Amino acid sequence: MDAIEGAAQPRDEEQVQRAVVVGAGIAGLAAALRLHQQGWDVLMVERAQGRRSSGYLVNLHGPGYDAAERLGLLPALAPRDIGFFTSILVHADGREKLTVPAGVAQTAVGGRALTVFRGDLESVLYEALADAVAIRFGTTVQAVTQNPGEVDITLSDGDCVQAELLIGADGLHSRIRELVFDTEVDCLVNLRHWWERSRWNRFPSTFRKEPAPRSSGPGARRR
């Protein structure tokens, strides 16, 4: 597959609104797909030379499951769902430290949940929009200029693209954030996440007790 998968069309005032999405990860692909479904002309820009399908498990429940449903991804994701499983945390020397039964997660989130590998989620998103959205790999954004009603985006391949919307989905050290706002130090937001650990006097009868995988991934062995 070539580094440029599709070409951005010349700007035409009679065309639908254009959006440029920077970053072809999960967030960028999902944003591009939703915009395309809403009738936008979308161009994706990704600095890597090709797709990156690596990653660990992704749990889709609550808002995540709802988003996948609205995007129309559930039929393609369901066959890739590995279901609920028992997790075993171990010490550095391999000794078991803590076991989290599958029933804990199942009871907490209910039936509207999927557990898939990140690579499978990326593949489903990519396949849903690859034929409809232009994706330029090996390309970065060099400059951004805000004008009334649109933004001029200068790309590393020399093109200057005009769009009504620019989305920076280019990760923790976002180049778009740096160009449009400021350095990442000035943009950090304390989300005030909390962790909770509870001690139970008895094991809930609704939790299933089944053999658990010690590791998860392609070819992982179950004991």
Side-chain angles (χ1 to χ4, degrees), residues 1-56 58 64 67-68 70-73 76-77 116-189:
M1 191 168 292
D2 295 334
I4 297 180
E5 300 193 357
Q9 298 298 317
R11 188 63 173 162
D12 186 336
E13 294 301 329
E14 295 183 357
Q15 285 186 337
V16 296
Q17 290 180 305
R18 172 177 288 177
V20 174
V21 179
V22 182
I26 301 300
L29 290 170
L33 177 58
R34 189 58 171 170
L35 286 167
H36 170 69
Q37 292 172 341
Q38 295 297 312
W40 286 69
D41 175 27
V42 183
L43 168 65
M44 295 198 70
V45 176
E46 167 59 48
R47 68 178 181 178
Q49 295 297 322
R51 295 168 56 193
R52 291 172 292 181
S53 58
S54 60
Y56 199 52
V58 177
R70 289 194 299 270
L71 288 169
L73 302 178
L77 287 173
V116 297
F117 289 105
R118 182 199 172 280
D120 287 337
L121 178 56
E122 187 272 347
S123 294
V124 168
L125 283 165
Y126 181 84
E127 291 165 4
L129 55 74
D131 293 333
V133 172
I135 305 177
R136 298 192 186 187
F137 290 106
T139 306
T140 59
V141 173
Q142 300 297 302
V144 174
T145 303
Q146 178 69 60
N147 299 313
E150 63 183 16
V151 59
D152 292 337
I153 306 158
T154 303
L155 304 178
S156 59
D157 60 11
D159 278 0
C160 184
V161 180
Q162 293 178 327
E164 282 77 22
L165 177 64
L166 170 63
I167 296 180
D170 49 340
L172 178 62
H173 305 293
S174 171
R175 173 64 172 163
I176 300 305
R177 179 180 56 207
E178 181 181 350
L179 289 171
V180 176
F181 298 104
D182 206 336
T183 61
E184 61 186 51
V185 175
D186 297 322
C187 298
L188 294 177
V189 177

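All values reported here derive from a predicted model rather than from experimental measurement. Both backbone and side-chain heavy atoms feed into the values below; hydrogens, waters and symmetry mates do not.
The two residues Ala30 and Leu125 have their closest heavy-atom pair at CA-CD2, 4.0 Å. The nearest pair of heavy atoms linking Gln142 to Arg175 is O-NH2, 3.6 Å. The two atoms that bring Ala76 and Val124 nearest to each other are CB-CG1, 3.7 Å, heavy atoms only.
Tested against Val141 for a side chain to side chain contact (heavy atoms under 4.5 Å, CB included), the candidates Asp170, Ile176, Val180 yield a single pass: Ile176. Screening Val45, Val22, Asp159 for a side chain to side chain contact (heavy atoms under 4.5 Å, CB included) involving Thr139 leaves a single residue, Val45.
Inter-residue side-chain proximity for His36 and Val133 is flagged as met; some heavy-atom pair is nearer than 4.5 Å. Side-chain atoms of Ser123 and Arg51, non-hydrogen and from C-beta on, do get closer than 4.5 Å to each other. Residues Val144 and Gln146 fail the side-chain proximity criterion, which asks for heavy atoms closer than 4.5 Å.
Note that CG of Leu155 is 6.0 Å distant from CZ of Arg136, once rounded to the nearest 0.5 Å. Here CD of Glu127 is found 12.0 Å from CG of Leu33. Values are rounded to the nearest 0.5 Å. Once rounded to the nearest 0.5 Å, the distance linking CG of Leu73 with CG of Leu121 reads 7.5 Å. Once rounded to the nearest 0.5 Å, the distance linking CG of Leu179 with OG1 of Thr140 reads 9.5 Å.
With respect to Arg18 and Glu150, no salt bridge is recorded, no charged nitrogen being found less than 4.0 Å from a carboxylate O.
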Audit row: Trp40, Arg34, side-chain contact (heavy atoms from CB on, under 4.5 Å) steps and yes/no: CA-CA 9 Å; Trp40 286 69; Arg34 189 58 171 170; over 6 Å; no
Leu77 vs Asp120, side-chain contact (heavy atoms from CB on, under 4.5 Å): CA-CA, chis, key distance, verdict: CA-CA 8 Å; Leu77 287 173; Asp120 287 337; 5.5 Å; no
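Other residues, nucleotides and ligands place no more than 12 heavy atoms under 6.0 Å from the CG atom of Asp131.
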